[in-house]
**Q** 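Before we start, here is the structure in question, set down as structure tokens.
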Amino acid sequence: IQVVGVHETSRYTEALLMGTSDDCIKPFSRLVEAIHQEGAKVFIQLFHPGRELLGRPNGVVQPAFAPSHSPSERFKVVPRELSSGLIGEILDGYGQAARRMAEAGADGVEIVASHGYLPAQFMNPKVNHREDEYGGSFENRMRFTREAIAAVRGQVPSEFIIGMRMSGDEHDEDGLVEDDSVAIARALAPDLDYLNVIAGTSATASGAAHIVPSMANSTAYVAPFAQKVKQATGKAVFVAGR
């Protein structure tokens, strides 16, 4: 299902589905039930775009938040640096949104860490210039996503499935490359049930071309990266990208 915002600062567009209130449980439950009646499982993506913000509520530019004051080329956004308090709110938002999706009857959730969105911004040393426990070393840069996964685990039943979507090569000179992403997958996989891999980033035109890749890319061009992730983690791996 289309991405669902986990915090008020995650309103990527005015039309974004939001999981920030218990009011969303009943509408989601109707959708989940309709899908289940057709024999399919339901996984809902939990989303925060960080600096990749496109929304203009009532024509007014809203502030974007990211690990650091790192501008985004594509949307011409200069984000505010997240305070530790706001990081805590967003992490709690992941957990509470997951709880709501579980109560709506979903089979699992998928944390969107692909395409240069907020978790990927924390992971990328060229975007994350923090000097606290969320920046610097590799382990510190993994901390936000680890804590998001833990927040979700803490709010859902034990049988509830938790996955993560991630880009391999972001196709951006300041982006993550496949070696970075394999290391990330290896580090986070023990806390996940599956990984869903793709390519690209929202941050630049060159990276965004891989969000929905065109026929300019060869068929199944992300599959070799999926194989690397499978070999590195032993987890179930979904793959998109032609």
Side-chain angles (χ1 to χ4, degrees), residues 2-21 24 44-98 100 109-137 139-152 155 164-167 170 172 174-176 184 188 200-204 207-208 211:
Q2 166 69 5
V3 295
V4 173
V6 301
H7 188 265
E8 282 304 309
T9 56
S10 68
R11 288 186 183 272
Y12 177 74
T13 68
E14 293 179 62
L16 182 71
L17 295 173
M18 297 296 288
T20 52
S21 165
C24 77
I44 296 173
Q45 293 182 316
L46 304 184
F47 178 74
H48 196 298
R51 66 180 184 169
E52 295 303 309
L53 205 61
L54 190 60
R56 301 286 187 273
N58 301 313
V60 178
V61 176
Q62 60 183 326
F65 292 89
S68 306
H69 296 292
S70 300
S72 173
E73 173 192 312
R74 184 164 165 244
F75 296 143
K76 307 295 188 286
V77 170
V78 180
R80 299 178 184 179
E81 182 174 306
L82 282 161
S83 66
S84 57
L86 194 49
I87 288 173
E89 281 186 29
I90 292 169
L91 290 169
D92 183 61
Y94 277 98
Q96 294 302 323
R100 294 176 181 117
V109 292
E110 181 173 285
I111 294 170
V112 179
S114 60
H115 296 133
Y117 296 126
L118 185 61
Q121 291 162 34
F122 272 98
M123 296 174 191
N124 187 342
K126 294 182 179 178
V127 177
N128 180 356
H129 305 298
R130 299 180 73 93
E131 296 180 352
D132 63 4
E133 68 270 30
Y134 291 99
S137 70
E139 278 304 315
N140 279 1
R141 287 183 283 111
M142 296 302 105
R143 189 181 307 277
F144 177 85
T145 310
R146 282 193 195 281
E147 292 183 353
I149 297 167
V152 170
Q155 293 290 339
M164 184 180 81
R165 192 171 211 209
M166 62 182 298
S167 294
E170 290 188 339
D172 171 21
D174 289 329
L176 299 169
I184 289 167
L188 298 178
T201 175
S202 175
T204 60
I211 296 176

**Q** Tell me, do Glu73 and Asp174 make a side-chain contact under 4.5 Å, heavy atoms counted?
**A** no
**Q** Just one of Thr9, Ile87, Ile111, Ile90 clears the side chain to side chain contact (heavy atoms under 4.5 Å, CB included) bar with Leu118, so which one?
**A** Ile90
**Q** Could you tell me the separation between the CD1 atom of Ile149 and the CG atom of Leu46, rounded to the nearest 0.5 Å?
**A** 11.0 Å
**Q** What are the two closest heavy atoms between Pro119 and Ala113, and how far apart are they?
**A**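 Smallest heavy-atom distance, with atoms named: CB-CB, 3.6 Å.
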**Q** Could you tell me which non-hydrogen atom of Ala97 sits nearest to which non-hydrogen atom of Val6, and how far apart they are?
**A** CB-CG1, 4.1 Å
**Q** Hey, what do you get for CG (Asp172) to OG1 (Thr201), rounding to the nearest 0.5 Å?
**A** 6.0 Å
**Q** May I ask you to decide if Gln96's main-chain N or O and Gln155's side chain share a donor-acceptor pair within less than 3.5 Å?
**A** no
**Q** Going by the rule salt bridge (charged side-chain N to carboxylate O under 4.0 Å, His left out), which residues pair with Asp132 if we only count those two or more places apart in sequence or in a different chain?
**A**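 Listed in chain order: Arg130.
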**Q** Run the side-chain contact (heavy atoms from CB on, under 4.5 Å) test against Ala66 and tell me which residues pass, sequence neighbours left out.
**A** Arg51, Pro79, Gln121
**Q** Between Ile184 and Met142, is there a side-chain heavy-atom distance shorter than 4.5 Å?
**A** yes
**Q** Between the main-chain N or O of Gly5 and the side-chain N or O of Ser10, is there a donor-acceptor pair closer than 3.5 Å?
**A**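 Pair absent, no side-chain N/O of Ser10 close to backbone of Gly5.
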**Q** I'd like to check the salt bridge (charged side-chain N to carboxylate O under 4.0 Å, His left out) partners of Glu8; sequence neighbours left out, ordered by chain and number.
**A** Arg11
**Q** Before you tell me yes or no, could you show the steps for Met18 and Cys24 under side-chain contact (heavy atoms from CB on, under 4.5 Å), namely the whole-Å CA-CA distance, both residues' side-chain angles and the distance that decides it to 0.1 Å?
**A** CA-CA 7 Å; Met18 297 296 288; Cys24 77; over 6 Å; no
**Q** Could you check if a side-chain atom of Phe47 sits within less than 4.5 angstrom of a side-chain atom of Leu16, using non-hydrogen atoms only?
**A**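 In short, these two side chains touch, coming nearer than 4.5 Å.
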**Q** Can you see which heavy atom on Ser72 is nearest to which on Ala203, and at what distance?
**A** OG-O, 3.7 Å
**Q** Can you list everything that forms a salt bridge (charged side-chain N to carboxylate O under 4.0 Å, His left out) with Glu139? Sequence neighbours excluded, please.
**A** Arg146
**Q** For a 4.5 angstrom cut-off between non-hydrogen side-chain atoms, does Ile211 reach Ser202?
**A** yes
**Q** Would you say Asn124's side chain and Gly116's backbone share a donor-acceptor pair under 3.5 angstrom?
**A**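 No; zero donor-acceptor contacts below 3.5 Å.
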**Q** Would you confirm whether Thr13, through its side chain, and Ala15, through its main-chain N or O, come within 3.5 Å as a donor-acceptor pair?
**A**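 A pair under 3.5 Å: yes.
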**Q** Does anything in residues 75-94 pair up under side-chain hydrogen bond (donor to acceptor under 3.5 Å, both in side chains), and if so which pairs, sequence neighbours excluded?
**A** His7-Glu89
**Q** Show the nearest heavy-atom pair for residues Gly136 and Arg141, with the distance to one decimal.
**A** O-NE, 3.2 Å
**Q** Are the side chains of Leu91 and Phe144 in contact, using a 4.5 Å heavy-atom criterion?
**A** yes
**Q** Is any side-chain heavy atom of Met164 closer than 4.5 Å to a side-chain heavy atom of Thr145?
**A**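 In short, these two side chains touch, coming nearer than 4.5 Å.
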**Q** The criterion is side-chain contact (heavy atoms from CB on, under 4.5 Å); which residues satisfy it with Arg165, sequence neighbours excluded?
**A**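 By the side-chain contact (heavy atoms from CB on, under 4.5 Å) rule, Arg165 matches Gln45, Glu110, Ser114, His115, Asn196, Ile198, Ala240.
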